[in-house]
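Note sheet for the following structure.
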Amino acid sequence: SIELSADDGAEIAHAQAGQHLTVECGVGDDRFTRSWSLSAYEDVPAAYRLTVKRVPDGRGSGWVHDHLAIGDKLRLKPPAGRFVLNRGGFRRILFISAGIGVTPMVAMLRAHAARGEEATPVLWIHVARDRAGHALSADVDELLSRNRNFERLVFYSQPAPEDDGHYEKAGRLTADYLRELLLASYRSAPFGREIELPGRESEIYVCGPAAFEEMVRGVATEVNSETDFVAKN
């Protein structure tokens, strides 16, 4: 992860949870742009945080990992994107991600937690290969531990023996399992009185590989055509 702040100490533009930054990379005449999701959120940000996974033969990620240094100056565009958290809802939120798709979700989780007592229940679902490939897990666990109505469901597709205690399910999130979650009821107190609501009464945010997003979208549509969900473009 890297943090970017104004070199003159000036106030930086507000970002909505889930948005991304477009950054000019490279040096000299070898310039190109890349867009990365913001992986942190503050109502009044002092810096932007980007979490960049090294991709084999990735021009942008390779430049960040191999050449970017503390004190370097970068040009970037203001935060942008329509994949943003609705902070005024009253239903449970499902954050569903896989791999590096977790980055905008961490920003959303932090923004949702900032609602304090008004924060509705959260079911955090993430799929990773193993603990070594589980990005930003410490950030998420810290946020979940401070909110009693936030739950975690982490899948490791290829867990190692030493990963025990860091995940709930071995394997991948399947359509059948997700369908069960959306059909099961949950308890919430949206107006100060605890009530039981059907699982389909949830707001769903999904970010991950195309096939993964398609599966989640298909199940949500099948369970209830009126279920709200937003997929990362």
Side-chain angles (χ1 to χ4, degrees), residues 1-85 95 97-114 124 126-143 154 156 158 160 163 166 205-210 212-213 231-233:
S1 295
I2 58 174
E3 288 193 348
L4 307 173
S5 58
D7 62 353
D8 59 0
E11 182 178 345
I12 61 176
H14 172 73
Q16 297 185 68
Q19 290 189 311
H20 64 266
L21 285 183
T22 298
V23 181
E24 184 180 69
C25 308
V27 294
D29 294 332
D30 183 23
R31 298 280 182 173
F32 57 97
T33 60
R34 289 291 185 272
S35 295
W36 289 293
S37 296
L38 293 162
S39 62
Y41 175 85
E42 297 292 342
D43 287 333
V44 182
Y48 300 128
R49 187 179 75 171
L50 302 176
T51 301
V52 181
K53 177 185 178 181
R54 180 189 286 276
V55 178
D57 299 322
R59 190 181 182 196
S61 65
W63 177 77
V64 168
H65 282 262
D66 296 334
H67 301 289
L68 191 62
I70 294 174
D72 286 354
K73 293 184 179 181
L74 303 177
R75 298 179 63 192
L76 51 89
K77 293 182 179 180
R82 294 178 295 173
F83 181 61
V84 297
L85 176 69
F95 293 118
S97 57
I100 200 60
V102 72
T103 52
M105 300 302 203
V106 174
M108 289 184 178
L109 180 63
R110 188 170 294 279
H112 186 66
W124 175 271
H126 181 63
V127 181
R129 179 188 177 98
D130 51 25
R131 188 184 179 194
H134 188 175
L136 301 171
S137 59
D139 284 43
V140 173
D141 288 347
E142 185 268 334
L143 287 167
V154 172
Y156 282 177
Q158 298 182 37
D163 293 342
H166 296 279
Y205 296 82
V206 57
C207 187
F212 179 82
E213 291 189 4
K232 175 71 171 168
N233 292 324

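This structure is a prediction, so every number in the text was calculated from the model and none was measured.
The backbone N or O of Trp63 sits nowhere less than 3.5 Å from a side-chain atom of Asp66 that would complete a donor-acceptor pair. Counting only distance, with no hydrogens or angles, the side chain of Gln19 and the backbone of Gln16 share a donor-acceptor pair below 3.5 Å. Side chain of Gln158 to main chain of Arg129: no donor-acceptor pair is present (N/O by atom type, distance under 3.5 Å, no hydrogens or angles). Using a distance-only test at 3.5 Å, with no hydrogens or angles considered, a donor-acceptor pair links the side chain of His65 to the main chain of Val52.
At least one side-chain heavy atom of Phe83 sits less than 4.5 Å from a side-chain heavy atom of Met108. Within the 4.5 Å cutoff, the side chain of Val127 has no heavy atoms near those of the Ser97 side chain. When side chains are defined from C-beta on, Val206 counts as touching Phe212, because their heavy atoms get closer than 4.5 Å. When side chains are defined from C-beta on, Thr33 does not count as touching Val23, because their heavy atoms never get closer than 4.5 Å. Taking the side chain as every heavy atom from C-beta outward, Ser39 and Asp139 never approach each other to under 4.5 Å. At a threshold of 4.5 Å between non-hydrogen side-chain atoms, the residues His134 and Val154 count as touching. A heavy-atom distance below 4.5 Å is found between the side chains of Cys207 and Met105.
Of all the heavy atoms in Ala13 and Pro45, the pair that sits closest is O-CG, 3.9 Å. Here the closest non-hydrogen pair linking Ala111 and Ala17 is CB-CB, 3.6 Å. Across every non-hydrogen atom of Ala135 and Val102, the tightest pair is O-CG1, 3.9 Å. Between Ala47 and Ser5, the shortest heavy-atom contact is CB-CB, 4.1 Å.
With sequence neighbours excluded, no residue forms a salt bridge (Lys or Arg N to Asp or Glu O under 4.0 Å) with Glu3.
Atom OH of residue Tyr48 and atom CG of residue Leu4 lie 9.5 Å apart, to the nearest 0.5 angstrom. How far CG of Leu21 is from CG of Leu38: 4.5 Å, rounded to the nearest 0.5 Å. Rounded to the nearest 0.5 angstrom, Leu74 CG and Asp72 CG are separated by 6.5 Å. A distance of 14.5 Å separates NZ of Lys73 from CD of Glu24, quoted to the nearest 0.5 Å. Between the CD1 atom of Ile12 and the CD atom of Glu42 there is a distance of 10.0 Å, given to the nearest 0.5 Å.
Counted by atom type alone, Arg54 and Ser61 present zero donor-acceptor pairs between their side chains at under 3.5 Å. Checking His20 against Ser37 by side-chain atom types alone, no donor-acceptor pair falls below 3.5 Å. Between the side chains of Tyr156 and His166, not a single donor N or O lies within less than 3.5 Å of an accepting N or O. If you check the side chains of Thr51 and Thr103, you find no donor sitting under 3.5 Å from an acceptor.
For CG of Asp8, the number of neighbouring non-hydrogen atoms (other residues, nucleotides, ligands) closer than 6.0 Å is greater than 12. Shown here is Arg75, whose CZ atom has no more than 12 heavy atoms of other residues, nucleotides or ligands within 6.0 Å.
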- Message: Using side-chain contact (heavy atoms from CB on, under 4.5 Å), reason through Val106 and Trp124 one step at a time and then give a plain yes or no.
- Response: CA-CA 10 Å; Val106 174; Trp124 175 271; 4.1 Å; yes
- Task: Report the C-alpha distance between Trp36 and Lys53 in whole Å, list the side-chain angles of each, state the deciding distance to 0.1 Å, and finish with yes or no for side-chain contact (heavy atoms from CB on, under 4.5 Å).
- Result: CA-CA 10 Å; Trp36 289 293; Lys53 177 185 178 181; over 6 Å; no
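Taking a cutoff of 4.0 Å between a charged side-chain nitrogen and a carboxylate oxygen, Arg110 and Asp43 do not qualify as a salt bridge. Remark: Arg59 engages Asp30 in a salt bridge, criterion side-chain N to carboxylate O under 4.0 Å.
Classified by interplanar angle (parallel below 30°, tilted 30° to 60°, perpendicular above 60°), the ring pair His14/Tyr41 is perpendicular.
Partner of Tyr205 under the side chain to side chain contact (heavy atoms under 4.5 Å, CB included) criterion, chosen from Leu85, Val84, Leu109: Leu85.
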